[in-house]
Amino acid sequence: MNEHIIELSGVTVRKAKGVLLDGISLNVARNEFVGIIGSNGAGKTTLLNVIAGFERFEGELSLFGKPERWKRSRETRVRVGYIPQLFQIDPAFPILVSEAVMTGAIGRVGLFRSPGRKEKEKAMGLMEMMRVAHLLDRPLGQLSGGERQKVSLARVILQQPDILLMDEPTANLDIAVQKEVLNLINEIHQKENLTVLFVTHDFNMIPAGMKRVVLLNHGKIVFDGDIDVALSGDMLSTLFQYPLETFERDGRRFISYG
Amino acid sequence: MTEEDLSLMVDQIMDVLTYPPIQKAALACILCGASCSLLSVFVVLMKMPLIGVSMSHAAFAGAVMGMLLGFNPFLCGFIMCLLAAGVLGPLSDRTDIAPENVLGIMFSFLMGVAFLGMGILTRTKAGALNLMWGSLLSLSDSDIAVLTVITAILLLFIVMFFKEIRYVLFNRKLALAGGVPERFIYYALLFLTGAVISSNLATVGGLLIFALLVQPGATALQLTYNLRHFFLISVAAGIGSCVSGLIVSYVFNLPSGASVVLMATTIFAAAYVFSPKRHRRKKVKECISYEYDKR
């Protein structure tokens, strides 16, 4: 049996506006691809923030078999990669695509040392894999949303994480670009032997590698299991309190929003 | 102005530069321009001008209170800056409070403290006014020494942590996730902001320093996409504003602080007008409207 590299037990996050996570218990094995799905305010992003070490929490969290709090060592942080939703960058901001990708190597090389030739060659290879190598001298803020997310993927893989946390990485992208980014995510999941937690809203844009889904509602896990069971019309209708139907075409499952 | 007038003016300036107080003022101008413009890179790229303005008013309020209570005003200004940094840092990280509101309250509170102190200070009001506008011609050797040490520490900090700084400037959350000591960099910057502002109370004063914390960085933002060049352009703009402002104030007999700020604005305006980035954006827009018209 695969070892669990993420273990949460009774994790609770409280804020002035209420309880965002309510006693979450969850184990994720190495190399699993887990989808985190829920309505707005269900606690999806908070769950990723706890695992990434951005958020204070009550309860127990273990990463790679070691208990962790929100403050953690550089060695642990570099093993957990994070890709947020597409965010705005000032087009005049002084960072080029190649520099943005190279930031991924900074944590691993540590203080007072610069990334060497090995990291630069790896960065170039990743830019080619993500099909952004031709943009390496362009200011990052002038790229399209899809190109910026591909640069994000190259940056995070250069960090050489074991766990990859993705918070709606395809939101606000064109449909064709979403598909391309999802294919790249599948490719790196397989090639880099990563454990992936993927937050999404869009049931019609699920990466092919995702086999397990955790459904969240009001800060609690309401379902944890096989994607085929999770993405059934009844389950989703109950979760979102809205009539949803599922149908299959060419072996793929789609959701109809009624 | 004829060529003769110009050469006479240059001779006069060179003559004036032989006087030790003027030499000290010129050196202070260069150090002030360098230290403030290095910080302005962070203020502009991290979009935290309100933090800059609050810190400068904290230094001013601390120095006035120090003067009132008979302590070293610059040391009190520095302590007040550190306290403000200690409050502002965690508050700006909290997501349940709008930072603009907190900074607005902090800024007005510190102004209230400063003016309360000035109201009570009846006998040495001139000293308090110096803290507000600076007094370049009455700087002591220790003022220059403190300014030199703080500028050197800031420069060393930037050189030593340049790659980490780049990541933090790009995105603080991603830097933290990437294993960079993001909190150390951010809080070190806040404390260095406090140190630079309080050590410059004697040069440009607590009110006008804000201009030097924003304008050199905003000037560099118009001109380059390279972060190293960004720092260099910002420093050149900062030192250029201070030195040219001092010369203008001497030649036309104007207040030095105001001349420095106006020169900084002039340099920014020139950078904005001739910005290659702006022309590039304009070209892109023209292409888009041409494509649209063709349809």
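All values reported here derive from a predicted model rather than from experimental measurement. In what follows, chains are A, B, ... by sequence order, proteins preceding strands, each numbered from 1.
Inter-residue side-chain proximity for B:Phe184 and A:Leu111 is flagged as unmet; no heavy-atom pair is nearer than 4.5 Å. No side-chain heavy atom of A:Leu96 sits less than 4.5 Å from a side-chain heavy atom of A:Leu136.
Taking the charged nitrogens against the carboxylate oxygens, A:Glu119 and A:Arg108 have no contact shorter than 4.0 Å, which rules out a salt bridge.
When heavy atoms are compared at a cutoff of 4.5 Å, A:Asn49 approaches chain B solely by way of its side chain, counted from C-beta outward. For chain B, the nearby part of A:Ile89 is the side chain; its heavy atoms alone come within less than 4.5 Å. Only the side chain of B:Phe230 comes within contact range of chain A, judged by heavy atoms closer than 4.5 Å. B:Phe161 touches chain A through its side chain: at least one heavy atom from C-beta onward sits under 4.5 Å away, while N, CA, C and O do not. With a threshold of 4.5 angstrom between heavy atoms, B:Lys173 approaches chain A through its backbone and through its side chain.
A distance of 8.5 Å separates CZ of B:Phe162 from CG of B:Leu169, quoted to the nearest 0.5 Å.
Partner of A:Met130 under the side chain to side chain contact (heavy atoms under 4.5 Å, CB included) criterion, out of A:Ile188, A:Leu135, A:Val151: A:Ile188 alone.
The candidate with the highest count of non-hydrogen atom pairs below 4.5 Å against chain B, out of A:Val78, A:Ile106, A:Val80, A:Ile83, is A:Ile106. Comparing B:Val44, B:Leu227, B:Leu176 by how many heavy-atom pairs each has under 4.5 Å with chain A, the most go to B:Leu176. Counting heavy-atom pairs under 4.5 Å between each of A:Ile95, A:Leu140, A:Val109, A:Thr76 and chain B puts A:Ile95 at the top.
Within a 6.0 Å sphere centred on CD of A:Glu75, heavy atoms belonging to other residues, nucleotides or ligands number more than 12. The 12-atom threshold is not exceeded at CZ of A:Arg113, counting heavy atoms of other residues, nucleotides or ligands nearer than 6.0 Å.
Between A:Phe33 and A:His189, the ring planes are perpendicular. Angles over 60° get that label, and only those under 30° would be called parallel. Under the 30°/60° scheme for interplanar angles, the aromatic rings of B:Tyr187 and B:Phe191 are found to be tilted. Ring-plane geometry between A:Tyr82 and A:Phe54 is classed as perpendicular, the angle between the planes exceeding 60 degrees on a 0 to 90 degree scale with a lower cut at 30.
Within residues 154-168 of chain A, the residues having any heavy atom closer than 4.5 Å to a heavy atom of chain B are A:Arg155, A:Gln159, listed by residue number.
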